[in-house]
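Report on one structure; see the data block that follows.
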Amino acid sequence: MHIHVFQHVPFEGVGCMESWFNAREARVTYTRLYESYQLPDITGIDLLIVMGGPMNVTDESYYPWLIDEKVFIREAIRTGVPVLGVCLGAQLIAAALGSCIFANKYKEIGWFPVELVNDNCELLPFPKRFPAFHWHGDTFDLPKGAVHLMRSDGCQNQGFMIGENVIGLQFHLETTPEVVELMIENCADDMIDGPYVQCPTTIREITVEFADLANVILSDTLDYLTS
C-alpha cells in the first residue's frame, strides 16, 4: 500500500496515523509543502492524506503551492484515488471542487462533540456522537454532490463524503498528547476568549480522556478508505 501525505507545517503531522501505517507495513511518502517540494506522480498512490495547517486556502500569494496542491487534489478525486482531508485538508478538498471557504461564526479550539446528521451513513465507521479535537476558525460550503456527515454546536459543516472514497473532516482525530503540545506551542495566539475555545489546561486534561477513542475512530476510517 502506498500512502502519500501532504503536510503544510512541521507541527501538524500525522499523529496516531503513524502507528496505523506501521501496522500495515505501508509505504509512506510525504510532500512537505513548507520546504522545497515536487508533487508526486499520482499513479500508484493508494491513499492521499491532506493534513491541517494554520494558513487559509486562499492565501495563494503567500503560499503559491496552494494552487498546485488544489489541482492535484482535484485530479486525485477525478481518477478515483481515496482521499482523507483533515481540517485545512478538508477545506482544500472543498475549495478544489469549487466550494467557498469562509470564517466560521465561532472559533473552535479544544475538545467538543460532533454528531452525525445523515441517517444513511450506517456503513461508515463513525459513532452517532463522539468527542473530537478542533483547532479552526474557518468553515466551508459542502462541495457539489457531497454527503453531509457531521455537525457540532459551533460549526454546521464538520464532515462530508464524496462518492465512496473521499472524506473531509474539519476536526482532528489523529490527536495525541504530543500533537496537542505542538498545537498549543505554535498556535497560542489563536486561543482567544470564546464559547468554543478551551484553555490549555482543559485541553490537556480532556486529551488524556478522549484521544484513544478518537484514534480508534480514525483507524477505522483509514481501514474503510483502503478496504
Side-chain angles (χ1 to χ4, degrees), residues 1-9 12-14 17 21 26-104 118 121 124 126 135-150 155-174 218 221-222 224-227:
M1 182 192 308
H2 178 196
I3 299 170
H4 191 80
V5 179
F6 283 166
Q7 185 174 349
H8 304 103
V9 287
E12 291 204 45
V14 297
M17 285 187 272
F21 300 159
R27 175 188 171 218
V28 184
T29 55
Y30 287 80
T31 298
R32 293 183 170 92
L33 291 147
Y34 51 91
E35 301 174 346
S36 59
Y37 72 93
Q38 181 176 356
L39 293 178
D41 182 352
I42 200 169
T43 305
I45 293 177
D46 299 302
L47 175 64
L48 175 66
I49 299 176
V50 188
M51 294 304 302
M55 60 285 297
N56 296 323
V57 300
T58 56
D59 286 346
E60 295 171 355
S61 59
Y62 297 102
Y63 308 103
W65 42 260
L66 283 165
I67 299 171
D68 294 335
E69 184 181 16
K70 285 181 275 191
V71 171
F72 189 96
I73 292 169
R74 186 162 55 248
E75 182 64 10
I77 294 170
R78 187 191 70 80
T79 57
V81 175
V83 181
L84 174 65
V86 176
C87 198
L88 174 68
Q91 296 169 11
L92 283 164
I93 294 172
L97 298 178
S99 293
C100 291
I101 314 300
F102 52 94
N104 191 46
N118 196 307
C121 297
L124 296 178
F126 301 110
W135 202 296
H136 71 99
D138 287 345
T139 187
F140 48 79
D141 288 332
L142 294 175
K144 183 178 180 180
V147 175
H148 187 197
L149 295 181
M150 302 141 192
C155 182
Q156 180 62 23
N157 291 334
Q158 286 284 0
F160 61 84
M161 186 170 186
I162 301 166
E164 295 182 348
N165 62 356
V166 177
I167 293 177
L169 302 176
Q170 182 66 78
F171 45 86
H172 298 265
L173 295 175
E174 78 281 7
L218 180 55
T221 303
L222 293 170
Y224 172 84
L225 285 171
T226 56
S227 62

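The model shown is predicted, which means the values in this text are computed figures rather than measured ones.
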Heavy-atom closest pair, residues Leu225 and Val166: CD2-N, 4.3 Å
Leu33 vs Tyr63 side-chain heavy atoms within contact, under 4.5 Å: no
Only one of Leu47, Val5, Ile49 forms a side-chain contact (heavy atoms from CB on, under 4.5 Å) with Val28, so which one is it? Val5
Flag side-chain contact, heavy atom, 4.5 Å: Phe21 against Met1: no
Have Gln91 and His136 got a donor and an acceptor in their side chains that come within less than 3.5 Å? no
We want to know whether Asn56 and Thr58 form a side-chain donor-acceptor pair, criterion being a heavy-atom distance below 3.5 angstrom. no
Is a donor on one side and an acceptor on the other found under 3.5 Å between the side chain of Arg74 and the backbone of Ala96? yes
Quick one: closest heavy-atom pair of Pro143 and Ala94, and the distance? CG-CA, 3.8 Å
Taking everything shown except Glu164 itself, do over 12 heavy atoms lie less than 6.0 Å from its CD? no
Could you tell me if the side chain of Leu222 sits less than 4.5 Å from the side chain of Ile3, heavy atoms only? no
Let me see the working for His148 and Gln156 under side chain to side chain contact (heavy atoms under 4.5 Å, CB included), right down to the final yes or no. CA-CA 10 Å; His148 187 197; Gln156 180 62 23; 3.4 Å; yes
Using only atom types and a distance under 3.5 Å, with no angle test, would you say the side chain of Asn165 pairs donor to acceptor with the backbone of Gly80? yes
Can you list the steps and then say if Phe126 with Met150 is a side chain to side chain contact (heavy atoms under 4.5 Å, CB included)? CA-CA 10 Å; Phe126 301 110; Met150 302 141 192; 3.4 Å; yes
Distance (rounded to the nearest 0.5 Å) between Asn104 CG and Gln158 CD: 8.0 Å
Parallel, tilted or perpendicular: which one describes the rings of His4 and Phe6, with boundaries at 30° and 60°? perpendicular
Contact check, side chains of Ile167 and Leu84, non-hydrogen atoms, under 4.5 Å: yes
Ignoring hydrogens, what is the shortest heavy-atom contact between Asp138 and Ala103? Give both atom names and the distance. OD1-CA, 3.4 Å
Decide yes or no for Pro40 and Phe72: does some side-chain heavy atom of the first lie under 4.5 Å from some side-chain heavy atom of the second? yes
Within the 4.5 Å heavy-atom criterion, are Thr139 and Phe102 side-chain neighbours or not? yes
If you measure from CG on Asp46 to CZ on Arg27, what distance do you get to the nearest 0.5 Å? 10.0 Å
Starting at CG of Asn157, measure out to CD of Gln170 and round the result to the nearest 0.5 Å. 9.0 Å
Can you measure from CG (Asp141) to CG (Leu97) and round to the nearest 0.5 angstrom? 12.5 Å
How close do Val50 and His8 get, heavy atom to heavy atom, and via which atoms? CG1-CE1, 3.8 Å
Residues that Pro54 engages under side-chain contact (heavy atoms from CB on, under 4.5 Å), provided they are two or more places apart: Val9, Phe11, Glu12
A side-chain contact here means heavy atoms from C-beta on lying under 4.5 Å apart; do Leu173 and Val86 qualify? no
Does any N or O in the side chain of Thr31 come within less than 3.5 Å of the main-chain N or O of Leu39, such that one atom is a donor and the other an acceptor? no
Closest heavy-atom pair and its distance - Met161, Tyr224: CE-OH, 3.0 Å
Passes side chain to side chain contact (heavy atoms under 4.5 Å, CB included), Leu66 versus Leu92? Steps please. CA-CA 9 Å; Leu66 283 165; Leu92 283 164; 3.8 Å; yes
Can you confirm whether more than 12 heavy atoms, excluding those of Glu35, are under 6.0 Å from its CD atom? yes
Below 30° counts as parallel, above 60° as perpendicular, anything between as tilted: where do the rings of Phe160 and Phe140 land? perpendicular
Within this structure, what is the SG-CG distance for the pair Cys100 and Leu142, rounded to the nearest 0.5 Å? 12.0 Å
Could you tell me the separation between the CG atom of Asp68 and the CD1 atom of Ile73, rounded to the nearest 0.5 Å? 11.0 Å
Return yes if some donor-acceptor pair links the side-chain N/O of Lys70 with the main-chain N/O of Val57 below 3.5 Å, else return no. yes
